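Because the structure is predicted, anything quoted here is derived from the model rather than measured. Just follow the structure's listing: the first ligand is 1, and inside any ligand the first atom is 1.
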Amino acid sequence: MIPDDRDQESMSTLNFTDLGLSKPILRALTDEGYEYPTPVQEAAIPAALDGEDIIATAKTGTGKTAAFAVPILERLELGNERYIGALILTPTRELALQIDKSFRDYGRHLDVDTCVLLGGVKSEPQIRALKRGVDVLVATPGRLLDLMQQGFVDLGRVETFVLDEADRMLDMGFVADVRRIVSELPRDRQTLFFSATMSPGVRSLASTMLTDPLQVAVSPPATVADNIDQRVMFVEKAHKRDLLADILKAKDTGRTLIF
Ligand code: AMP
């Protein structure tokens with residue numbers, strides 16, 4: 001599926017072969033029906049294959065998952081010995097499951113083991129999977145920290161770390177957890193940092209974990225939708241409710257959302 005908001009002009013003229021991908025991955029992308037890389041894939045895949053750090057402004061729907069999953073799958077050394085070579089931290093259960101599925105889809109012609117750690121479900125099956133050994137670990141911060149503290153997760157051999165949806169991590173109050181997890185990662189690693197928006201808070205988080213990163217931006221910084229009018233009104237605090245009531249009573253006020 002091609003995301004709705006991509007027009008044909010933003011389609012790449014390069015194809016996946018030009019990005020230097022190997023046959024098992026090219027076959028998997030063909031199985032998915034992908035013909036051309038999306039802009040974030042075109043920019044990020046070659047740099048990530050070269051081992052560079054990346055900071056990308058890209059929201060869900062831009063193809064960002066393949067932008068990090070494909071180079072990770074290419075770079076993993078898949079052998080008999082299973083260890084966590086890639087860690088992907090993401091804020092929600094839904095995203096974790098989606099990312100795990102993407103790794104399994106893009107890696108279907110490779111011998112790759114993935115594991116997803118998320119809260120709200122029993123931890124025993126997750127612990128069993130960790131004990132069997134995994135190549136790619138996808139996790140939400142709370143459950144990962146919990147299992148790290150119980151000694152079930154060894155992050156000492158992680159080669160690539162992905163922080164997905166960094167802005168939502170901040171909004172959801174996960175920053176302290178993320179920092180604790182990152183402090184357990186090897187210093188000598190690749191970091192791929194994705195966020196839909198780049199606020200000063202996000203930049204400050206990024207600055208602590210990236211080394212000379214390639215910057216990729218495929219969507220403009222947060223903008224207001226075209227059909228929203230904005231006005232600023234200065235009013236004494238005591239009159240705020242009256243003003244709000246007047247605005248709501250005005251004829252042209254339709255359905256209204258108040259923060
Ligand atoms: P994501 O932004 O990673 O959540 O991806 C959004 C959607 O785009 C998913 O349904 C992907 O399967 C799809 N997608 C990702 N890359 C491509 C591509 N190169 N061509 C067509 N569809 C893609």
*Asks:* Any side-chain heavy atom of M233 within less than 4.5 Å of one from H239?
*Replies:* no
*Asks:* Using a plain distance cutoff, I'd like to know if T62 has any nitrogen or oxygen under 3.5 Å from a nitrogen or oxygen of ligand 1.
*Replies:*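 Between T62 and ligand 1 (N or O atoms, distance only) the closest approach is under 3.5 Å.
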*Asks:* Using a 4.0 Å cutoff against the non-hydrogen atoms of Y36, which atoms of ligand 1 qualify?
*Replies:*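 Heavy-atom distances to Y36 below 4.0 Å select 18 (C), 19 (N), 20 (N).
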*Asks:* Are any of the N/O atoms on K59, whether in the backbone or the side chain, positioned under 3.5 angstrom from an N/O atom of ligand 1?
*Replies:* no
*Asks:* Please check: side-chain N/O of E159 versus main-chain N/O of L76, any donor-acceptor pairing under 3.5 Å?
*Replies:* no
*Asks:* Might you confirm whether atom CD of E77 has over 12 heavy atoms from other residues, nucleotides or ligands at distances under 6.0 Å?
*Replies:*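 Counting other residues, nucleotides and ligands, CD of E77 stays at 12 neighbours or fewer.
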*Asks:* Under 3.5 Å between any N/O of Y106 and any N/O of ligand 1: does that happen in this structure?
*Replies:*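 So ligand 1 has no N or O lying under 3.5 Å from an N or O of Y106.
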*Asks:* Donor-acceptor pair, distance only, cut-off 3.5 Å: does the side chain of T191 make one with the backbone of L210?
*Replies:*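 A pair under 3.5 Å: no.
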*Asks:* D31 vs R108, test: salt bridge (charged side-chain N to carboxylate O under 4.0 Å, His left out). Steps then yes/no.
*Replies:* CA-CA 10 Å; D31 295 344; R108 70 161 65 89; 3.2 Å; yes
*Asks:* Give the atoms of ligand 1, by number and element, whose distance to some non-hydrogen atom of T60 is under 4.0 Å.
*Replies:* 2 (O), 4 (O)
*Asks:* For ligand 1 and P37, I'd like to know whether there is a polar contact (N/O to N/O, distance under 3.5 Å).
*Replies:*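 No, no N or O pair falls under 3.5 Å.
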*Asks:* Can you tell which part of Q41 has a heavy atom less than 4.0 Å from ligand 1: side chain, backbone, both or neither?
*Replies:* side chain
*Asks:* Against D135, only a single residue in R157, R82, R104 fulfils salt bridge (Lys or Arg N to Asp or Glu O under 4.0 Å); can you say which?
*Replies:* R82
*Asks:* Does F16 approach ligand 1 within less than 4.0 angstrom via side chain, backbone, both or neither, non-hydrogen atoms only?
*Replies:*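 F16 to ligand 1: side-chain contact only, backbone stays beyond 4.0 Å.
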*Asks:* So, regarding G33 and ligand 1 (criterion: nitrogen or oxygen to nitrogen or oxygen, under 3.5 Å), is there a contact or not?
*Replies:*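 No - when backbone and side-chain N and O of G33 are compared with those of ligand 1, no distance drops under 3.5 Å.
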*Asks:* Quick check on contacts: which atoms of ligand 1 are under 4.0 angstrom from a heavy atom of T65?
*Replies:* 1 (P), 3 (O), 4 (O)
*Asks:* With E165, which of T60, T92, T197 fulfils side chain to side chain donor-acceptor pair (under 3.5 Å)?
*Replies:* T60
